[in-house]
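Structure, as structure tokens:
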Amino acid sequence: MKKFGYKILEWLLSGVSRLPMWMLYGVADALFFIIYYVWRYRRKVVAKHLRDSFPEMSPKELKRVERQFYRNFADLIVETIKVESISEKELRKRMIFNGMDEVDRLFDEGRPIVAYFSHTGNWEWVPSITLWTRHQCRVDCEFAQVYRPLRNKWMDSYMLKLRGRFGPRSFAKSTVLRDLIMLRRANMPWITGFMSDQKPSHGDPTYVTMFLNHPTALITGTETLARKLKAACVYMDMHKDRRGHYHVDITLMAEDASTTEPMALTAQYGQLLERTIRRNPPIWLWTHKRWKRPVQLKTEN
């Protein structure tokens, strides 16, 4: 019965994905009402995060950002479902990448690339980056993203199918270093996206800095891996231009991570991400309990 139920859900989502965007945004409006006013999904968490991060904002401004965040969240849900059927032509109009010449140059040199990214805008459309390179994905280069497998096996399989539709691969966090080393041994240049804006896993080394008015432990595993593989590093700066339209500016952070000072890339990422969020606060994923366990900045003696 469970398998039958998932099959019905799969058919339903496939049918919904074929609706035109204007109709899907009608669905998103209904979802916003349910999530925000009926379910009230993590509203206290979001309100506290915004209030603590932007003490300079008035209550009216904070409420505006909060509501817009939930509208963006509802849009993200329907836009993710749309990945199954959206055409390459339409997606290229809706998700634009600037700075791909830098990525292609590094590919020409046979270089591996670590892409620092975050849960901003529509991160589920970012795998369409493969539509913007002059190289051939899975032929003379590899595009990939790191993910944490979901507990629900059906949902995990569904999301992997969506994320791989335009050619990129998905590497589990637990095996990503091994997977990337194998690509390097095969002389295959690659770019892999790391969502480095969540809280570090338990026991992982951290770097503590001020981030959005909080002492914050940043993930350091991305930098550690980049240094081991002597990879170039780029930052993917997400912009939401209007509903259903985004662009990403790709900025080079380092030609070779192994030549940088320890934690310099992690610190730089924190600064770049904060700039992205402050430019347009509603586009970040505020429902994540980023500051659940407070940390302290180290003071110099």
Side-chain angles (χ1 to χ4, degrees), residues 41-57 59 61-63 65-66 68-70 72-73 76 114-123 126 145-148 173-174 176 192-228 233-240 248-249 251 253-254 257 260-301:
Y41 175 64
R42 293 193 175 182
R43 277 185 54 177
K44 290 183 179 179
V45 172
V46 172
K48 184 178 188 309
H49 284 173
L50 290 173
R51 186 171 59 251
D52 293 346
S53 297
F54 304 106
E56 72 279 6
M57 286 190 182
E61 289 174 313
L62 290 168
K63 184 59 68 174
V65 172
E66 179 186 316
Q68 187 57 53
F69 159 72
Y70 279 97
N72 290 343
F73 189 64
L76 172 66
V114 163
Y116 278 88
F117 191 49
S118 62
H119 292 84
T120 49
N122 185 337
W123 58 88
V126 170
Q145 59 259 329
V146 180
Y147 80 106
R148 295 184 182 185
K173 178 178 180 289
S174 59
V176 62
T192 300
F194 289 77
M195 305 288 273
S196 301
D197 59 334
Q198 305 290 66
K199 64 181 180 63
S201 298
H202 180 70
D204 286 355
T206 59
Y207 171 80
V208 179
T209 187
M210 286 301 294
F211 176 76
L212 291 174
N213 205 42
H214 298 79
T216 303
L218 298 182
I219 292 173
T220 60
T222 305
E223 177 175 338
T224 300
L225 183 145
R227 293 173 68 85
K228 285 181 178 180
C233 292
V234 299
Y235 176 66
M236 304 183 79
D237 188 7
M238 170 70 79
H239 299 249
K240 183 167 185 176
V248 173
D249 293 332
T251 304
M253 297 171 66
T260 63
E261 291 294 322
M263 296 300 110
L265 289 168
T266 301
Q268 185 182 2
Y269 169 69
Q271 294 166 4
L272 291 170
L273 176 58
E274 179 164 351
R275 185 183 67 183
T276 297
I277 296 167
R278 287 189 178 278
R279 184 180 63 231
N280 190 358
I283 70 171
W284 197 43
L285 186 62
W286 291 99
T287 52
H288 179 66
K289 296 180 180 179
R290 186 67 176 80
W291 298 286
K292 186 177 181 179
R293 294 181 176 85
V295 295
Q296 291 185 341
L297 287 169
K298 292 183 179 179
T299 56
E300 297 292 336
N301 294 327

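Quantities reported herein were computed from a predicted structural model and do not represent experimental measurements.
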Has [X] got a side-chain atom pairing as donor or acceptor with [Y]'s backbone, closer than 3.5 angstrom?
| X | Y | value |
| --- | --- | --- |
| Trp286 | Pro281 | yes |
| Tyr269 | Phe117 | yes |
| Arg278 | Phe54 | no |
| Arg290 | Leu285 | no |

- Item | Contacts of type salt bridge (Lys or Arg N to Asp or Glu O under 4.0 Å), residue Lys289, not counting sequence neighbours | none
- Query: Sequence neighbours excluded, which residues qualify as salt bridge (Lys or Arg N to Asp or Glu O under 4.0 Å) partners of Lys199?
  - Reply: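 By the salt bridge (Lys or Arg N to Asp or Glu O under 4.0 Å) rule, Lys199 matches no residue at all.
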[X] vs [Y] side-chain heavy atoms within contact, under 4.5 Å:
| X | Y | value |
| --- | --- | --- |
| Arg227 | Thr260 | yes |
| Trp291 | Lys48 | no |
| Pro215 | Met210 | yes |
| Glu66 | Arg43 | yes |
| Leu265 | Tyr116 | yes |

Tell me which donor-acceptor pairs under 3.5 Å the side chains of residues 217-225 have, and how far apart each pair is, sequence neighbours excluded?
residue, atom, partner, partner atom, Å
Thr220, OG1, Pro205, O, 2.7
Thr222, OG1, Ser196, OG, 2.7
Glu223, OE1, Thr266, N, 2.9
Glu223, OE1, Thr266, OG1, 2.6
Glu223, OE2, Met263, N, 2.7
Thr224, OG1, Thr220, O, 3.1

- Would Met238 and Val126 satisfy side-chain contact (heavy atoms from CB on, under 4.5 Å), going step by step from the backbone distance to the final call? CA-CA 9 Å; Met238 170 70 79; Val126 170; 3.8 Å; yes
- Message: Given Trp284, which partner from the list Thr276, Asp197, Thr120 fulfils the side chain to side chain donor-acceptor pair (under 3.5 Å) test?
- Response: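 It is Asp197, the one option of Thr276, Asp197, Thr120 that forms the side chain to side chain donor-acceptor pair (under 3.5 Å) with Trp284.
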- Message: Which residues pass the side chain to side chain contact (heavy atoms under 4.5 Å, CB included) test with Asp249, not counting sequence neighbours?
- Response: Asn98, Asp237, His239, His247
- Item | Counterpart residues, side chain to side chain contact (heavy atoms under 4.5 Å, CB included), relative to Arg148 (two or more places apart) |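 Residues passing side chain to side chain contact (heavy atoms under 4.5 Å, CB included) with Arg148: Lys173, Ser201.
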Could you tell me which non-hydrogen atom of [X] sits nearest to which non-hydrogen atom of [Y], and how far apart they are?
| X | Y | answer |
| --- | --- | --- |
| Thr287 | Val45 | O-CG1, 4.0 Å |
| Ser53 | Asn213 | O-CB, 3.8 Å |
| Leu272 | Tyr235 | O-OH, 3.4 Å |
| Pro55 | Asp52 | CD-O, 3.7 Å |

- Item | Tyr207: partners by ring-ring contact (aromatic ring centres under 6.0 Å, His included), with sequence neighbours left out | none
- dist Glu261:CD -> Gln268:CD (nearest 0.5 Å) comes out at 13.0 Å
- Message: Within the supplied structure, the quantity of interest is the number of heavy atoms (other residues, nucleotides, ligands) at a distance under 6.0 Å from Gln296 CD; does it exceed 12?
- Response: no
- Between the side chains of Lys240 and Asn72, does any donor sit under 3.5 Å from an acceptor? yes
- Task: In sequence, state the C-alpha distance, the side-chain angles, and the governing distance for Gln198 and His119, and then conclude on side-chain contact (heavy atoms from CB on, under 4.5 Å).
- Result: CA-CA 8 Å; Gln198 305 290 66; His119 292 84; 3.7 Å; yes
